[in-house]
Amino acid sequence: MTFGRARRNIVGLDYPDKEINELVARGIGEIGLAGVAAVNTEAVHHATGVRARELPVKIEDLLA
(Lines give C-alpha, C1' and ligand atoms only; values in the text may rest on other atoms or scores of the structure.)
Protein backbone atom coordinates (compact mmCIF):
# COMPACT_ATOMS: atom_id res chain seq x y z
CA MET A 1 0.00 0.00 0.00
CA THR A 2 1.45 3.37 -0.99
CA PHE A 3 -1.04 5.75 0.70
CA GLY A 4 -1.35 7.91 -2.41
CA ARG A 5 2.35 8.08 -3.15
CA ALA A 6 3.78 6.98 -6.45
CA ARG A 7 6.10 4.02 -6.52
CA ARG A 8 9.63 4.77 -7.70
CA ASN A 9 12.17 2.52 -9.32
CA ILE A 10 15.89 3.16 -9.02
CA VAL A 11 17.86 1.93 -11.97
CA GLY A 12 21.62 1.49 -11.95
CA LEU A 13 23.57 1.84 -15.18
CA ASP A 14 26.35 -0.52 -16.10
CA TYR A 15 28.54 2.16 -17.63
CA PRO A 16 29.96 5.23 -15.84
CA ASP A 17 29.75 8.72 -17.29
CA LYS A 18 32.92 10.49 -16.12
CA GLU A 19 32.08 13.69 -18.01
CA ILE A 20 29.34 14.71 -15.55
CA ASN A 21 31.38 14.68 -12.33
CA GLU A 22 34.19 12.81 -10.64
CA LEU A 23 31.75 10.61 -8.70
CA VAL A 24 30.31 9.35 -12.02
CA ALA A 25 26.85 9.94 -10.55
CA ARG A 26 23.93 11.35 -12.45
CA GLY A 27 20.30 11.92 -11.70
CA ILE A 28 17.14 13.47 -13.00
CA GLY A 29 15.14 13.25 -9.77
CA GLU A 30 15.12 17.01 -9.30
CA ILE A 31 12.81 17.41 -12.30
CA GLY A 32 10.13 15.30 -10.67
CA LEU A 33 10.36 17.23 -7.39
CA ALA A 34 9.55 20.64 -8.88
CA GLY A 35 5.95 20.71 -7.67
CA VAL A 36 6.26 18.86 -4.37
CA ALA A 37 6.37 21.95 -2.14
CA ALA A 38 3.31 23.42 -3.84
CA VAL A 39 1.37 20.18 -3.51
CA ASN A 40 2.29 19.83 0.17
CA THR A 41 1.31 23.40 1.05
CA GLU A 42 -1.96 22.99 -0.86
CA ALA A 43 -2.66 19.83 1.15
CA VAL A 44 -2.01 21.75 4.38
CA HIS A 45 -4.40 24.47 3.21
CA HIS A 46 -7.04 21.90 2.30
CA ALA A 47 -6.70 20.15 5.68
CA THR A 48 -6.48 23.21 7.93
CA GLY A 49 -7.92 26.13 5.98
CA VAL A 50 -4.72 28.10 6.64
CA ARG A 51 -2.53 29.11 3.70
CA ALA A 52 1.16 28.42 4.42
CA ARG A 53 3.31 31.21 2.98
CA GLU A 54 6.77 30.03 4.09
CA LEU A 55 8.69 26.79 3.98
CA PRO A 56 9.12 24.70 6.00
CA VAL A 57 5.51 24.67 7.18
CA LYS A 58 5.54 24.92 10.98
CA ILE A 59 2.71 24.22 13.38
CA GLU A 60 3.29 27.64 14.95
CA ASP A 61 2.47 29.31 11.62
CA LEU A 62 -0.74 27.31 11.30
CA LEU A 63 -1.91 28.17 14.82
CA ALA A 64 -1.14 31.91 14.56
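All values derive from a computational prediction rather than experimental measurement.
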Distance in Å, Thr41 OG1 paired with Arg51 CZ, rounded so as to fall on 0.5 Å steps:
7.0 Å
From His46 atom NE2 to Thr48 atom OG1, the distance as rounded to the nearest 0.5 Å
10.0 Å
Mind listing the closest non-hydrogen atom pair of Pro56 and Asp61 along with its distance?
O-OD2, 4.4 Å
Mind running side-chain contact (heavy atoms from CB on, under 4.5 Å) on Leu62 and Val44 for me, showing each step along the way?
CA-CA 9 Å; Leu62 300 177; Val44 168; 3.7 Å; yes
Tell me whether Leu55 shares a hydrophobic cluster with Val50, the cluster being built from Ile, Leu, Val, Met, Phe, Trp, Tyr side chains joined at under 4.5 Å.
yes
